[in-house]
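Naming convention: chains lettered A, B, ... in sequence-line order (proteins, then strands); numbering from 1 in each chain.
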Amino acid sequence: MENPIEISSEACVGCGQCIPACPFDAIDMPEATAQIDLTKCTLCGACVPTCAFDAISIEEKAAADPNELGQYQNIWVMVEQHGGTIEPVTYELLGEGRKLADQRGMKLCAVLAGHQVEALSQDLIAHGADMVYLADHPELESFRDEPYTKVLIRLIETHKPEVVLFAATAAGRSVGSRAAVKINTGLTADCTGLAIDPATGNLLQTRPAFGGNIMAVIECPAHRPQMASVRPNVMTPTEPDSARQGEVITIDLQPEDLASRTKRLAFVPEAGSTVNITEANILISGGRGIQKPDNFAMIQELAEVLQAGVAASRAAVDANWIAYSHQVGQTGKTVCPKLYIACGISGQIQHLAGMASAEVIVAINKDPDAPIFDIATYGIVGDVLEIVPALTTECKKLLKR
Amino acid sequence: MHIVVCIKQVPDTHDVKLDPVHNTLMREGVEAIVNPFDMYAIEEAIRLREKLGGTVTAITMGPPQAEAVLREAISMGVDNGILVSDVAFAGSDTWATSYTLAQAIRKLDTPPGIILFGKQAADGDTAQVGPGVAAQLDLPQITYVRKIEEISDSRIVAERLLETGYEVIESSMPCILSVVKEINEPRLPSLKGKMAARKAAITKWSAEDIKGEHGCMGLHGSPTKVVKVFTPPPRSGGEMLTGEPHEVAQMLVEKLKDTFIECAS
């Protein structure tokens with residue numbers, strides 16, 4: 001084949017069935033037969049099965065050696081802990097990893113790096129881990145890209161896991177991306193669904209792309225381990241069982257694995273907010289309709305009553321009403337709470353990309369035509385400055401605060 | 001200092017609409033733009049040159065028309081543009097893209113002192129290529145940078161945004177940075193810049209030029225494979241609540257009281 005994907009002009013009858021199948025608008029029919037624009041095509045293969053005449057052929061890579069792949073066993077979770085506290089997303093990864101391990105008949109192993117963190121091992125076992133690989137050293141006290149990556153790579157090369165899961169956080173994404181390139185394997189970013197292909201045993205990794213407008217299912221057929229970062233708040237943790245037994249393996253660390261060209265000089269916690277918006281169950285989010293920075297206080301108050309996080313649209317951040325770290329949307333954070341209350345947010349596509357996967361969405365906006373209402377579970381047309389305080393009052397009554 | 005900024009051409013999501021019949025993305029007439037996050041990387045690269053002297057080179061990997069993003073970068077003040085383009089790159093995942101960009105960086109006459117990326121691309125949203133290039137070139141990385149506090153030929157101190165705050169990180173140079181929106185406000189191109197961009201000669205490198213190995217590029221160099229693409233079922237609008245503010249507030253609390261009690265206690 002000259003090109004990695006081709007439409008045979010002999011087999012193509014010009015029926016046009018493939019054209020709408022292409023998510024990237026790369027197929028066109030300038031004359032009697034369909035043609036693929038290779039500059040737009042991503043070789044996703046969505047068009048191939050739609051052709052009733054088998055006219056589309058896509059280049060296949062050489063198949064993997066099953067014996068080689070079979071050496072890789074067990075499902076691993078890279079633990080995210082800061083200052084000796086395990087981040088909730090780690091329990092979510094363990095919950096999902098447990099399911100995958102049971103389906104594959106394999107062990108679930110947690111990789112725990114830090115300093116004086118051995119005591120956390122039992123907690124990881126209680127949440128589903130069969131084994132904990134413990135890397136404990138003063139140099140690993142705070143998260144750092146290079147030593148964390150090198151320790152992980154050493155472990156992967158020694159023990160050959162089949163799957164490694166990371167949290168799709170700043171730390172998890174940075175370490176995962178670096179490690180995947182070094183050990184020559186695939187990494188799928190920010191997955192919202194994981195499953196095992198019953199036919200091949202491969203990990204099927206579902207992720208949103210294009211700001212959530214399309215979903216892609218990705219696999220890593222010929223390389224191991226199969227690695228994925230997983231979006232916080234999507235997977236369900238298992239109920240902890242303090243009686244669960246597991247094995248803790250302390251790793252002998254090599255000095256060269258601990259060397260780092262970067263050093264953490266300081267950590268400055270976010271001022272004035274205690275709830276991490278990517279992990280919050282409830283988010284109260286303010287937009288342009290809040291009108292002025294002082295009015296954010298009412299968002300804060302409702303958030304406090306509900307022990308929720310405070311989020312914002314780009315408009316509110318650009319107007320300097322609230323810090324960038326609260327911004328939800330394409331140029332901000334992607335969040336997946338149980339409940340998202342959008343206050344005075346019109347719902348531009350870039351904002352929706354960051355929050356449309358919330359379980360329940362409440363929209364409060366004075367414009368009945370605002371696009372946010374198209375995706376809201378409950379919509380209220382009205383003055384956000386009156387409705388939010390009323391809601392706060394009702395919530396206080398409900399929660400007896 | 002030779003400052004390199006890696007950028008990507010992406011479709012403008014402002015224009016993206018869903019075809020209501022086929023539930024597919026309609027890209028007809030969608031404009032191709034510089035990835036919004038890369039604008040901050042370009043701006044930061046230019047500011048570093050203004051501070052430290054030297055040149056800024058923008059590199060993009062993409063189809064021939066991706067040349068447009070290099071011209072836009074030049075209009076803002078970037079000195080040189082390099083388009084890395086070849087049919088052999090088709091189907092590249094983040095591994096193959098990292099390899100290809102790293103090969104292009106290795107080919108530069110003057111090795112870079114710093115390499116900047118946007119946090120992630122607005123179409124793929126992976127945030128994996130910056131650290132991937134750092135791994136390929138075995139350079140230190142600071143991701144999600146919101147501020148460069150100090151920089152010299154041998155050392156950089158930068159603030160990295162985390163979920164719960166930010167950390168101050170020191171690194172040796174050369175170093176790879178990915179930057180977030182908070183770092184700066186990208187400038188608009190000047191008239192002079194626009195003229196320069198129109199006239200600028202864009203360097204074009206093929207797979208052969210960058211000495212790319214067949215097994216490391218495009219489909220063959222990509223460990224991951226897309227097996228299916230689908231559009232999620234559209235989320236439909238739900239129930240509208242109407243009444244006076246205290247009435248709608250009561251209705252909403254009634255509907256959501258289980259969630260409120262579960263999450264807030």
Portion of B:Tyr40 that has a non-hydrogen atom of chain A nearer than 4.5 angstrom: side chain

Distance-minimising heavy-atom pair for B:Glu67 and B:Leu83: N-CD1, 4.1 Å

Part of A:Lys338 within contact of chain B (heavy atom distance under 4.5 Å): side chain

Distance-only polar pair, side chains of B:His220 and A:Glu59, donor-acceptor under 3.5 Å: yes

Minimum heavy-atom distance B:Met61-B:Phe89, with the two atoms named: CE-CB, 3.9 Å

A:Ala266, part contacting chain B, at a heavy-atom distance under 4.5 Å: both

Pick from B:Val180, B:Val253, B:Val129 with the largest number of heavy-atom pairs that fall under 4.5 Å of chain A: B:Val253

Exercise: identify the closest heavy-atom pair between A:Pro225 and A:Thr185: O-OG1, 2.6 Å

Between A:Leu38, A:Thr149, A:Leu187, the one whose heavy-atom pairs under 4.5 Å with chain B are most numerous: A:Leu187

Between A:Thr377, A:Leu204, A:Thr392, the one whose heavy-atom pairs under 4.5 Å with chain B are most numerous: A:Thr377

Chain B contact via A:Ala216 - side chain, backbone, both or neither, heavy atoms under 4.5 Å: both

Per-residue contact mode, A:Ala356 against chain B (heavy atom under 4.5 angstrom): backbone

Residue part contacting chain A, namely of B:Leu252, when any heavy atom lies under 4.5 Å: side chain

Proximal component of B:Val133, with respect to chain A [non-hydrogen, under 4.5 Å]: neither

Contact origin within A:Asp383 toward chain B - heavy atom pairs under 4.5 Å: neither

B:Glu167 side chain vs A:Leu265 backbone, donor-acceptor pair below 3.5 Å: no

Pairing of A:Asp145 and A:Arg264 as salt bridge, 4.0 angstrom limit: no

Among A:Glu359, A:Arg207, A:Gln226, A:Gln327, residue most engaged with chain B (heavy-atom pairs, under 4.5 Å): A:Arg207

Engaged part of B:Tyr166 at the chain A interface, taking heavy atoms whose separation is under 4.5 Å: both

Donor-acceptor contact below 3.5 Å, side chain B:Asp258 vs main chain B:Ile261: no

Residues B:Ser178, B:Thr143; criterion side-chain hydrogen bond (donor to acceptor under 3.5 Å, both in side chains); working and verdict: CA-CA 5 Å; B:Ser178 77; B:Thr143 49; 4.9 Å; no

Region of B:Glu159 that comes under 4.5 Å of a non-hydrogen atom in chain A: neither

Side chain, backbone, both or neither of B:Thr242 within contact of chain A (heavy atoms, under 4.5 Å): neither

Contact class of A:Ile364 relative to chain B, heavy atoms under 4.5 angstrom: neither

Donor-acceptor pair, side chain of B:Gln136 and main chain of A:Val181, under 3.5 angstrom: no

Option in B:Thr94, B:Val87, B:Thr259, B:Leu256 with maximal non-hydrogen atom pairs under 4.5 Å from chain A: B:Leu256

Interface moiety of A:Glu219 toward chain B, non-hydrogen atoms closer than 4.5 Å: both

Expected output: side-chain B:Ser222 to main-chain B:Thr224 donor-acceptor under 3.5 Å: no

Side chain / backbone / both / neither for A:Leu398 at chain B, heavy atoms under 4.5 Å: side chain

Heavy-atom pairs under 4.5 Å with chain B, option from A:Thr169, A:Asp190, A:Val381, A:Ile372 with the top count: A:Thr169

Choice from B:Ala66, B:Ser172, B:Cys216 maximising heavy atom contacts with chain A below 4.5 Å: B:Ser172

Under 4.5 Å from any heavy atom of chain B - which part of A:Leu339: side chain

Closest approach of B:Asp125 to A:Arg173 (non-hydrogen atoms, all atoms of both residues): O-NH2, 3.7 Å

Region of B:Gln65 in contact with chain A, defined by heavy-atom distances below 4.5 Å: side chain

Under 4.5 Å from a heavy atom of chain B, the part of A:Val388 involved: neither

Check: A:Leu399 and A:Val305 side chains under 4.5 Å, non-hydrogen atoms: yes

B:Lys119 NZ/CZ over B:Phe117 ring centroid, <6.0 Å and within 45° of normal: no

Region of B:Ile156 that comes under 4.5 Å of a non-hydrogen atom in chain A: neither

A:Arg178-B:Gln141 side chain donor-acceptor pair, cut-off 3.5 Å: yes

Part of A:Ser357 lying under 4.5 Å from any heavy atom of chain B: backbone

Part of A:Ile282 lying under 4.5 Å from any heavy atom of chain B: side chain

Interchain contact, A:Thr278 with chain B, by part (heavy-atom threshold 4.5 Å): side chain

Option that, when pairs with chain A are counted at under 4.5 Å, heavy atom only, ranks first among B:Pro63, B:Pro36, B:Ala88: B:Pro63

Contact leader toward chain B among A:Lys182, A:Glu386, A:Arg144, where contacts are heavy-atom pairs under 4.5 Å: A:Lys182

Winner by heavy-atom pair count (cut-off under 4.5 Å) against chain A, out of B:Ser98, B:Ala127, B:Ala134: B:Ala134

B:Arg160, part contacting chain A, at a heavy-atom distance under 4.5 Å: side chain

Pair B:Glu239 + B:Lys255: basic N to acidic O under 4.0 Å: yes

Test item: side-chain donor near acceptor, B:Glu43 and B:Asn184, under 3.5 Å: no

When A:Pro269, A:Ala280, A:Ala26, A:Cys44 are compared by non-hydrogen pairs under 4.5 Å with chain B, the top option: A:Cys44

Donor-acceptor contact below 3.5 Å, side chain B:Asn35 vs main chain B:Gln120: yes

Check: B:Ala207 main-chain N/O paired with B:Asp86 side-chain donor or acceptor under 3.5 Å: yes

Under 3.5 Å: donor-acceptor pair, side chain of A:Gln330, backbone of B:Ala122: yes

Partner chain A: residue of B:Thr164, B:Leu162, B:Ile142, B:Val168 with the largest heavy-atom pair count (under 4.5 Å): B:Val168

Any donor-acceptor N or O pair under 3.5 Å, side chains B:Gln128, A:Ser177: no

Side chain / backbone / both / neither for A:Thr206 at chain B, heavy atoms under 4.5 Å: side chain

